[in-house]
Number of protein chains: 2
Amino acid sequence: MKTILLVDDESRMLDLLALYLTPLGYKCVKKSSAVDAITYIEKNHVDLILLDVMMPEMDGWTACKEFKKIRDIPIIMLTARSEKPDIVKGLKIGADDYILKPFDEEVLVARIEAVLRRTTTEEEFLSFKGLLLKPASYELYFEDKEILLTPKEFAMVQLFISNRNKVFSRVHLIESVWGYGVSIEDRTIDSHVRNIREKLRRAGFPADEFLLTVWGVGYKWTGKE
Amino acid sequence: MKTILLVDDESRMLDLLALYLTPLGYKCVKKSSAVDAITYIEKNHVDLILLDVMMPEMDGWTACKEFKKIRDIPIIMLTARSEKPDIVKGLKIGADDYILKPFDEEVLVARIEAVLRRTTTEEEFLSFKGLLLKPASYELYFEDKEILLTPKEFAMVQLFISNRNKVFSRVHLIESVWGYGVSIEDRTIDSHVRNIREKLRRAGFPADEFLLTVWGVGYKWTGKE
DNA sequence: CTTAAATTTGAAGAATTTATGCAGAATGAG
DNA sequence: CTCATTCTGCATAAATTCTTCAAATTTAAG
């Protein structure tokens, strides 16, 4: 069962959304502020966030960025404004889609399903030759020894391990880990790769055999099973 | 380079779309009817279709279904800002996204890139008499032995193997591998060809039988299967 | 068989890309 | 606010690839 986090300052809207979605088999969690939502996300599993753009304390754009910092959960923005800059803004910040208010049930459901369909690939944990990566708790182990990774490092390792043998260009890495439209120097990627290798090595994992440099192209994690 | 097929009965709209997209490096193909579009799709590679909903002979919904029958190409519908139920209709039929008219350049591009990013499939591979080339991982094998290629070498081998029996002039090779407008000596091509042959030969693959010199013209990769 | 043109080959410098050390900036916790 | 961590990116060195030249060789044609 998928969990959808509803974030809106109007309780009427929260009720309405839950009314539509609960009968379809979604577990709905209502939060009336971004702050509450963040607190919830940090400790619970959420499959999708429905986020109202216009809220008093923290606006939707800021909230969206904050959510993405914590974990990469798909976000659909609910916006009353149909102005184009906002749409672009949302997509660049990392929103996966947006729905214009007022909406009708069909639009809502179609959008939600579309987003879930294309983002649902999360696994409980990833393992690779003694490495055990738990996305939910942000933990990485090598033979029961924990390797402490920073958020960026973790995101990169996760991306690599779940896409083995695929070469990622630095641009691609930036888009995947930092998000669309973020400008980061290529050398910064190198720095993170170095740190990852270092940490893995120090834990006893032969990083140099698996996290490879593809000269002139990017990096890839090699190896089968 | 990605190819975008533009389908609209209004030539002004076709021109406008192409005007936006061509400078961004997309190859645009304009068709003024769904029928023409279908004919084109059947015989050509297309990465994305921008499809206007309102057209005289065959409407966008029908067209969308017809396109999907031929091949699963991502489709973005261009739809008037008024009709909301249509959005659902489109998504259910198989459209990947929609753009409301009138749109501006930023929205258009953001949408297109978003769709391309999430529909671009990968991990095809090319094989040829014991050779196995994997573009996604930048790997080339001959009978389970890996052959390490540099970026230029890899691009050339990929080009040759995917265009067997076709003669490439040095000028053509430069345009394909280095890109338009890059000035490179013809001899440089020869050097790369030599290095490729050398590496293949050393791995046990009879390169001299397949990567042939066409005297006075260029090079070609020969062979069927 | 001879000659001119094209290609192959060897070698080396040029150019590009990556690794690494380091430090300031940004971020987050208390 | 202060301190610790993380992020970012520069500078330099090291590694790899790219490009070109020129000599040797091969090819096509008369």
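Below, read A as the first sequence line, B as the second, and so on, with proteins coming before strands; counting in each chain starts at 1. The shown structure was predicted, so the numbers you read here are calculated from the model rather than taken from an experiment.
- Between the side chain of A/K152 and the main chain of A/V177, no donor-acceptor pair closer than 3.5 Å is present.
- Considering only the side chain of B/T213, C/dT7 comes nearest among C/dT7, D/dC18, D/dT17.
- For the pair B/L149 CG and D/dC18 C1', the computed distance is 15 Å after rounding to whole Å.
- For B/Y219, whose side chain is taken as the heavy atoms from C-beta onward, the closest listed nucleotide among C/dT8, D/dT17, D/dT8 is C/dT8.
- Not one side-chain nitrogen or oxygen of B/R187 sits closer than 4.0 Å to the OP1 or OP2 atom of C/dA6.
- Regarding B/D186, its CG atom lies at a distance of 8 Å from the P atom of C/dT7, rounded to whole Å.
- Using cut-offs of 30° and 60° on the angle between ring planes, the pair B/F205 and B/F128 is perpendicular.
- Distance from the side chain of A/W215 is smallest to C/dT18 among D/dT8, C/dT7, C/dT18.
- When all heavy atoms of A/E209 and A/T222 are compared, the closest pair comes out as O-CG2, 3.4 Å.
- A straight line from CG of B/D190 to P of D/dT20 spans 12 Å, rounded to a whole angstrom.
- Spacing between atom CD1 of A/I189 and atom P of D/dC10 amounts to 14 Å, rounded to whole angstrom units.
- A/T188 comes within 4.0 angstrom of a nucleotide base, judged by non-hydrogen atoms across all strands.
- Closest to the side chain of A/E185, out of D/dC18, D/dC10, C/dT8, is D/dC10.
- Taking all atoms of both residues into account, the shortest heavy-atom contact from B/L5 to B/I41 is CD2-CG1, 3.7 Å.
- For the residue pair B/I189 and B/M156, the shortest heavy atom distance occurs at CG2-CE, 4.2 Å.
- With rounding to whole Å, A/N195 atom CG is found 14 Å from D/dT5 atom P.
- The overall bend of the helix from C/dC1-D/dG30 to C/dG30-D/dC1, read as the angle between its terminal helix axes built from five base pairs each, is 50° when rounded to 10 degrees.
- The nearest pair of heavy atoms linking B/K134 to B/F154 is O-CZ, 3.7 Å.
- In this structure, the CD1 atom of B/I174 is 13 Å from the C1' atom of D/dT20, given to the nearest Å.
- Proximity of a side-chain donor or acceptor of B/N44 to a complementary backbone N or O of B/Y40 within less than 3.5 Å is detected.
- With rounding to whole Å, B/I184 atom CD1 is found 12 Å from C/dA15 atom P.
- Taking only distance into account, the side chain of B/S191 meets the base of D/dT20 through a donor-acceptor pair shorter than 3.5 Å.
- Phosphate contact (OP1/OP2 of D/dT8, side-chain N/O of A/W178, threshold under 4.0 Å): present.
- For B/Y219 and B/F160, the ring centers sit 6.0 Å or farther from each other.
- Distances shown here put a side-chain N or O of A/R197 below 4.0 Å from the OP1 or OP2 atom of C/dA19.
- In this structure, A/R194 does not reach the C/dT18 phosphate: none of its side-chain N or O atoms is under 4.0 Å from OP1 or OP2.
- Regarding B/L173, its CG atom lies at a distance of 15 Å from the P atom of D/dC18, rounded to whole Å.
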